[in-house]
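Read the numbers this way: they start at 1 and go in the same order the structure lists the ligands and their atoms. All values reported here derive from a predicted model rather than from experimental measurement.
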Amino acid sequence: MEDNSSSGDTITFLGTAGARFVVTKQFLASGGLWLSLGGIEILVDPGPGCIVQSTKRKLRAEKLSAIILSHRHLDHSADTNIMVEAMTEGGFKQRGWLFAPADALGSEPVIFSYLRNSLAGIEILQEGKSYQIGNISFTTPIRHIHSVETYGMIFTTADHTFSYIADSRYFDGLCHSYGGELLIINVVLLETKPQIDHLSLTDAEHIITALKPKVAILTHFGMGMWRAKPWEIAQRLSQETGVKVLAARDGMKFELSQLNNP
Ligand SMILES: [Zn+2]
């Protein structure tokens, strides 16, 4: 039996799909990130299939302390309702927190009204704010440039600090706002497309070079990125940036202890 509480701090990639076609065809899974940090379980961006990807890996939603949405786009939020239902044991146990930007909870909310009362509470993400989940804290340092309200996060555990740069158009604020030993970065585009509010490979290389984490993990791949073999791209980026760059794979579990000797 897998015991997630005693195996150290881990991040499980329940999906690596980024753009619309990769998600709608399920060429790659799209379930988000499952964080297991000092016995605290946190789910980030439960996209389509999160319930399937998490149960398949025996990750137990009833142990979740919180679900965090970077933004309301479907590939980050589609399974919010079912994951809230699972976290609250069918709505019978009032527990767990939902963190989301204001526009994910407004006139067209990502969560059904009948499920809201089963949560311990809802917190609205705002630029520059810090939040606490047990002994884990996270901040949402800067609002991203994306078609809906979007934030990345910097997580601080007892032993480690890591950043997650969610969807955004490139702007210099990304290089000034994030940091930590590990950087998880959503790289949808192989080539920069100015009309699309997503990071390209060139943007990611620039950000990794500026932030110099111990390890960077590329994820959230569009079709072009996927066809270009992200694991080969990661190898090249490692050589060019001097940072250990990995490409996430569906189901990959990254142990934060790896940051001690990258
Ligand atoms: Zn998006």
Side-chain angles (χ1 to χ4, degrees), residues 11 13-35 42-50 53 67-83 98-111 124-127 138-155 163-171 173-175 177-178 183-204 206-207 216-226 230 247-248 250:
I11 298 170
F13 291 80
L14 296 177
T16 56
R20 244 160 264 191
F21 294 112
V22 183
V23 174
T24 54
K25 307 278 186 198
Q26 287 289 292
F27 289 139
L28 296 169
S30 50
L33 303 172
W34 190 292
L35 316 180
I42 299 167
L43 175 62
V44 179
D45 284 350
C50 181
Q53 299 299 329
I67 298 171
I68 307 172
L69 308 186
S70 64
H71 65 297
R72 58 178 280 118
H73 281 158
L74 265 181
D75 52 334
H76 298 255
S77 73
D79 270 15
T80 301
N81 284 296
I82 190 64
M83 293 314 293
L98 177 67
F99 296 83
D103 76 345
L105 302 162
S107 58
E108 193 183 47
V110 296
I111 180 157
I124 292 175
L125 299 178
Q126 287 176 287
E127 184 173 66
F138 76 96
T139 63
T140 42
I142 194 163
R143 184 174 172 164
H144 288 194
I145 303 176
H146 203 48
S147 59
V148 297
E149 194 177 350
T150 305
Y151 301 98
M153 294 133 218
I154 306 173
F155 289 91
S163 289
Y164 165 51
I165 298 187
D167 298 0
S168 185
R169 164 184 290 276
Y170 177 81
F171 62 109
L174 297 175
C175 294
S177 303
Y178 292 96
L183 172 66
I184 298 166
I185 183 164
N186 285 359
V187 190
V188 170
L189 303 170
L190 183 64
E191 316 270 349
T192 305
K193 291 183 187 160
Q195 74 280 16
I196 296 183
D197 283 339
H198 275 294
L199 295 175
S200 69
L201 184 55
T202 309
D203 299 328
H206 179 73
I207 294 166
I217 303 178
L218 315 177
T219 187
H220 211 59
F221 306 123
M223 195 72 91
M225 271 297 287
W226 180 243
D250 286 352

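Taking the Zn ion (ligand 1) as reference, His73 places its N/O/S atom ND1 nearest. Residue-level check: among N/O/S atoms of His71, NE2 sits closest to the Zn ion (ligand 1). Per residue Asp167, closest N, O or S atom to the Zn ion (ligand 1): atom name OD2.
For the side chain to side chain donor-acceptor pair (under 3.5 Å) test with Asp45, the passing option among His71, His73, His76, His220 is His76; the others fail.
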Practice item. Could you please spell out the steps behind the side-chain contact (heavy atoms from CB on, under 4.5 Å) verdict for Ser70 and Met153? Key: CA-CA 8 Å; Ser70 64; Met153 294 133 218; 3.9 Å; yes
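Here the straight-line distance linking atom CD1 of Ile42 with atom CZ of Phe155 works out to 5.5 Å at 0.5 Å rounding.
Within the coordination shell of the Zn ion (ligand 1), defined by N, O or S atoms under 2.8 Å, His146 is present.
Heavy-atom contacts from other residues, nucleotides or ligands closer than 6.0 Å to CZ of Phe171 number more than 12.
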